[in-house]
Q: 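Let me begin by handing over the structure; questions about it come next.
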Amino acid sequence: MGLFQKKKEIDNNLIIPVHIGIIMDGNGRWAKKRGLPRTAGHTVGAKNFRTITRYCSKIGVKYLTVYAFSTENWKRPQEEVTALMKLFKQYLQEALTDFLEDDIKIKFIGDTTAFNSELQQLIMDTEEVSKNRPGMVLNIAMNYGSRSEIVRAIKNISEKVCNGELKIDDINEKLVSDYLYTAGQPDPDLIIRPSGEYRISNFLLYQSAYAEYVIDNILWPDYSTDDIDRAILEYNSRNRRFGGV
Ligand code: FPP
């Protein structure tokens with residue numbers, strides 16, 4: 001039994017956040033500390049991504065959004081980008097073969113047209129295979145940046161205003177949400193950032209207006225299911241007022 005479940009036996013009011021976001025940070029530093037290439041950190045980070053994803057699904061998280069590759073990550077050395085693409089490919093191939101019994105619905109957020117055609121096909125196949133599953137929605141943010149997501153929404157809304165499908169007065173907070181990659185999903189309640197960095201890094205800017213942040217000084221490859229439980233307990237200790245009193 002995990003830490004959260006143990007505490008819940010004592011305090012039945014504890015809740016699981018509906019939507020959790022995770023910035024999977026610290027792979028490079030984890031590798032450096034061990035004298036390994038950065039790519040070794042990503043390999044262990046990718047393994048941990050599988051463990052944490054399954055755990056979140058098991059404990060009843062309904063939406064999990066993980067930051068796997070940002071619009072800025074292309075600036076990394078070619079060797080590192082190539083290694084990351086290989087890890088994405090491996091994961092997607094597994095998702096299409098070994099994980100067919102899973103009930104997790106996999107969705108990609110970000111501009112996936114920038115990836116090579118093989119990866120794009122795997123992305124489409126994975127979404128298709130999992131689209132009717134009843135379980136947790138796993139949003140994998142790949143070539144994702146929140147600013148470009150907002151710009152894309154503005155362009156799409158503007159186009160509809162120009163061609164008369166929408167009126168200026170139709171534009172409100174809900175409508176803007178509906179033009180983001182996360183359309184139709186609840187906003188994140190809890191955003192976890194391992195590795196001790198106090199930054200948002202262009203992640204879910206619009207959606208996280210009232211999210212609770214938990215920053216942990218643990219590098220992503222070492223981030224355990226107990227750490228997830230601790231973050232959820234920390235979330236439960238917060239007094240969410242959404243601007244009220
Ligand atoms: C940030 O750590 C991490 C990334 C840019 C990549 C995240 C990718 C994975 C966890 C593996 C693959 C994921 C899937 C979906 C299979 P960093 O490299 O910036 O670490 P640093 O800040 O210590 O340098």
Side-chain angles (χ1 to χ4, degrees), residues 20-57 61 63-99 102 104-112 114-116 118-120 122-127 129-130 136-146 148 181 191-204 215-225 227-228:
I20 298 181
I22 305 181
I23 301 177
M24 303 188 289
D25 193 18
N27 296 343
R29 275 163 287 167
W30 183 92
K32 196 171 169 211
K33 267 172 63 181
R34 287 161 179 79
L36 297 168
R38 291 177 55 82
T39 51
H42 293 313
T43 304
V44 183
K47 192 159 174 266
N48 200 36
F49 151 79
R50 290 163 171 82
T51 306
I52 298 296
T53 300
R54 280 175 188 277
Y55 184 68
C56 287
S57 158
V61 174
Y63 297 85
L64 176 69
T65 303
V66 293
Y67 209 177
F69 195 83
S70 78
T71 44
E72 289 73 35
N73 287 152
W74 297 106
K75 291 186 233 158
R76 295 187 173 210
Q78 188 54 47
E79 184 199 344
E80 184 171 341
V81 172
T82 306
L84 281 166
M85 296 303 138
K86 204 170 150 200
L87 288 171
F88 298 148
K89 187 175 143 189
Q90 270 169 8
Y91 169 70
L92 291 167
Q93 283 172 334
E94 257 174 62
L96 286 168
T97 52
D98 305 352
F99 305 161
D102 274 13
I104 300 174
K105 188 168 170 165
I106 304 173
K107 207 178 135 38
F108 292 85
I109 63 170
D111 179 11
T112 51
F115 297 112
N116 71 29
E118 186 187 17
L119 205 51
Q120 283 188 52
L122 285 167
I123 285 172
M124 282 189 285
D125 292 347
T126 308
E127 284 190 332
V129 155
S130 69
M136 182 181 83
V137 174
L138 170 64
N139 295 314
I140 306 181
M142 279 187 27
N143 195 26
Y144 173 85
S146 207
S148 73
Y181 290 118
I191 294 192
I192 300 172
R193 177 149 200 167
S195 99
E197 304 283 4
Y198 287 76
R199 277 196 291 277
I200 303 177
S201 299
N202 208 7
F203 185 56
L204 304 178
I215 311 235
D216 268 323
N217 207 359
I218 301 164
L219 304 172
W220 173 250
D222 288 332
Y223 207 82
S224 68
T225 55
D227 295 321
I228 292 284

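Just so you know, ligand 1 is whichever comes first in the structure, and atom 1 is the first atom listed for that ligand.
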Q: Got a second to check how far Ile215's CD1 is from Arg199's CZ, nearest 0.5 Å?
A: 9.5 Å

Q: How many angstroms lie between atom CZ of Phe88 and atom CZ of Phe108, to the nearest 0.5 angstrom?
A: 9.5 Å

Q: Once you restrict to heavy atoms under 4.0 Å, what part of Glu94 touches ligand 1? Side chain, backbone, both or neither.
A: neither

Q: For atom 13 (C) of ligand 1, what's the nearest protein heavy atom and its distance?
A: Phe88 CE2, 3.6 Å

Q: Counting only heavy atoms from other residues, nucleotides and ligands, does the tally under 6.0 Å from CD of Glu79 exceed 12?
A: no

Q: Considering heavy atoms of the protein only, find what lies nearest to atom 16 (C) of ligand 1 and give residue, atom and distance to 0.1 Å.
A: Tyr91 CB, 3.7 Å

Q: Does Asn73 reach the side chain of Val81, with side-chain heavy atoms less than 4.5 Å apart?
A: no

Q: Identify, for atom 19 (O) of ligand 1, the protein heavy atom at the shortest distance, and state residue, atom and that distance.
A: Arg76 NH2, 2.7 Å

Q: Got the closest protein heavy atom to atom 6 (C) of ligand 1, with its distance?
A: Ala68 O, 3.3 Å

Q: Any side-chain heavy-atom pair from Met124 and Thr112 closer than 4.5 angstrom?
A: no

Q: Side chain or backbone of Asn48 under 4.0 Å from ligand 1, or both, or neither, by non-hydrogen atoms?
A: neither

Q: Do Gln78 and Thr82 pair up side chain to side chain, a donor and an acceptor below 3.5 Å, judged on atom types alone?
A: yes

Q: Considering non-hydrogen atoms of the protein only, which is the closest contact for atom 1 (C) of ligand 1, and what is the distance?
A: Met24 O, 3.3 Å

Q: Identify every side-chain donor-acceptor pair in residues 138-145 under 3.5 Å, counting partners at least two apart or on other chains, and give the distances.
A:
residue	atom	partner	partner atom	Å
Asn139	OD1	Gln185	NE2	3.1
Asn139	ND2	Thr65	OG1	2.9
Asn139	ND2	Gln185	OE1	2.7
Asn143	OD1	Trp74	NE1	2.9
Asn143	ND2	Asp111	O	2.8
Tyr144	OH	Ser146	OG	3.3
Tyr144	OH	Glu149	OE1	2.5
Tyr144	OH	Leu204	N	3.3

Q: Can you find a pair of side-chain heavy atoms, one from Asp25 and one from Tyr67, that are under 4.5 Å apart?
A: no

Q: How far is atom 22 (O) of ligand 1 from its nearest protein heavy atom, and which residue and atom name does that atom have?
A: Arg29 NH2, 2.9 Å

Q: If you measure from CG on Asn116 to CE on Met85, what distance do you get to the nearest 0.5 Å?
A: 8.5 Å

Q: For ligand 1, is there an N or O atom under 3.5 Å from any N or O atom of Gly26?
A: yes

Q: Just let me know how Arg38 lines up against ligand 1, side chain, backbone, both or neither, with a heavy-atom cut-off below 4.0 Å.
A: side chain

Q: Starting from atom 10 (C) of ligand 1, locate the nearest protein heavy atom and write down its residue, its atom name and how far away it is, to 0.1 Å.
A: Asn27 ND2, 3.4 Å

Q: What protein heavy atom is closest to atom 4 (C) of ligand 1, reported as residue, atom name and distance in Å?
A: His42 CE1, 3.9 Å

Q: Heavy-atom distance to atom 5 (C) of ligand 1: which of Leu87, Ile23, Asn73 wins?
A: Asn73

Q: Going from CG on Leu122 to OH on Tyr91, what distance comes out if it is rounded to the nearest 0.5 angstrom?
A: 12.0 Å

Q: Show which atoms of ligand 1 fall inside a sub-4.0 Å distance from at least one heavy-atom site of Gly45.
A: 10 (C)

Q: May I ask you to check whether Ala46 has an N/O atom sitting below 3.5 Å from an N/O atom of ligand 1?
A: no

Q: Has ligand 1 got any nitrogen or oxygen that is less than 3.5 angstrom from a nitrogen or oxygen of Arg50?
A: no

